[in-house]
Amino acid sequence: MKTIPHAVAITELDVDAIVIPVLAEASLPGGATHAVDRALDGLVGRLHARGDLDAGVGQVTPLFPERGLAAPRVLVVGLGPASGLDAEVVRRAAAAALRRARALGAKRVGVAPLGAGLADLDFAAATGATVEGARLGLYRYAQEPGVDELVLAVDEPRLEAARDAVRWAEAVAEGVELARELVNRPPNVATPDHLADVAHELARDHGFAVTVGDRAWAAEHGMGAFLGVAQGAGCEPRFIVLEHDPTNGQEAPLVLVGKGVTFDSGGVSIKGRAGMGAMKADMAGAAAVLGAMRTLGRLRAPRRVVAIVPATENMLDAHAYRPADVLTAANGTTIEIISTDAEGRLLLADALSFAQRYRPRAVVDLATLTGAVVTALGEGIAAGRFANDAALAAQIDAAAEATFERVWPLPLWKEYLEDLRSDVADLKNSSGKPRGGASVAAAFLERFVDYPWVHLDIAGMNLQSTEQGYVTKGATGFGVRLLVRWVTRA
Ligand code: BES
Ligand code: ZN
Ligand code: ZN
């Protein structure tokens, strides 16, 4: 779907449907709603006064007026009470309105930036949230969105500002769409090699430097932990590095690391059969990092950014790594395997060690790492956020707040490491205990970092079973918007 800002009154838009907002308060908002109300001889105000328009967030009431407007359909969308109005409300409302427009068969839809000038939403934020919500709400796996054109009605003096906000929002949406698409693809398609192909494409499109390491490359780099996981995999593992450097090496980079387990069977410590298919989404961290790189490339973000994606399946065959094996990670740390299902931290151990060579300003990793974080925070509520640096943690929390990609702080105390003491190696890869697993995993990872670092455990945020606002069913694309917000403000 293309979004086209147009300096034209919404009442004059010759489209299949127009969208106007109402608030829970009695008075109608000014701007587009007011203009449409006037063109319809006060109909919208009368319906609202009678209680016939549901003003709850994302509630849509369709009207089919026969005169007064160029468009045959009006979708009145609720924004809730003015006191609660923010960018998140606008994203949800835009998604709901555009999905209803699609259901009514509309191909071209008109809207003025929702919420602009109401509450503290400025024009750019309202425009961005409207376009983001609309695009992301219309997303369907392997299908066109169904609406071809979103016409944004703006005042002439705002046209340039609208174009900038649209360019930004479209870049963000494209990144999220890429992440959702990769996670939704079946695991026999979205293989490590496939992720490497995507990385090469991104490199071509945006001028990134790209390195894709195979088994031999990983062995040269001493990545025994990553290779241990990959040992039983039929698909070739790929260690993917993308670099966006508009600073010509002048700046210490921000590094994004994403867990790329394209299917997690558990390995020899095999998972149960129930719901194992959801483990195709164990590369959601990788997908978020690749999605964010797409957005940052499109925006030509003026920051040096390195993306590191260790990608492999976790499978089992005669060569598979086993419980009691001892692996040596790239930084020399030896790891006793307790569970081959605690594989994500092994990939990340080598990826986080590899990141050290960049002397990064900060590193953020995203990983569907533990079931325990889902037990702690719930499904689809928040990612677990672990940090060794308070200033970086505050930046990530601010980005999470702004994007409504929520994170919640969990502890990284050294006591968690005591459960990982091994008799035969520096560390065990699992405590073998049923409790506290998210923090134990994070404490394991901390052994491989020597820079400001945040770890986001996004298990429970990668897939969702029903549509919620602009977050569609299936892959959520969680993390892309948060990463982009962080990088572009860091
Ligand atoms: N990929 C899983 C974690 C996961 C669970 C992601 C649920 C998404 C939803 C991870 O590799 C895993 O299996 N973790 C184990 C660790 C344990 C063996 C220490 C877990 O959480 O049970
Ligand atoms: Zn696992
Ligand atoms: Zn896993």
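Worth saying up front: this structure is predicted, and the values here are computed from it rather than measured. Counting starts at 1 for both ligands and their atoms, following the listed order.
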Arg92 NZ/CZ over Phe404 ring centroid, <6.0 Å and within 45° of normal: yes
More than 12 heavy atoms of other groups within 6.0 Å of Lys473 NZ: no
Whether Arg345 lies under 4.0 Å from ligand 1, heavy atom: yes
With a cut-off of 4.0 Å, which atoms of ligand 1 are near a heavy atom of Asp282? 1 (N)
Considering only N, O or S atoms of Asp264, the one closest to the Zn ion (ligand 2): OD2
Any side-chain donor paired with an acceptor under 3.5 Å for Glu343 and Tyr321? no
min-distance N/O/S atom, Glu343 vs the Zn ion (ligand 2), resolves to OE1
Numbered in order shown, the ligand 1 atoms found under 4.0 Å of a heavy atom of Glu343 are 11 (O)
So is Thr370 polar-close to ligand 1, meaning N/O to N/O under 3.5 Å? no
For the Zn ion (ligand 3), which N, O or S atom of Asp282 is at the shortest distance? OD2
List every atom of ligand 1 that sits less than 4.0 Å from any heavy atom of Ser430, numbering the atoms from 1 in the order shown and giving each element. 19 (C)
Is the distance from the Zn ion (ligand 3) to the nearest N/O/S atom of Leu369 under 2.8 Å? no
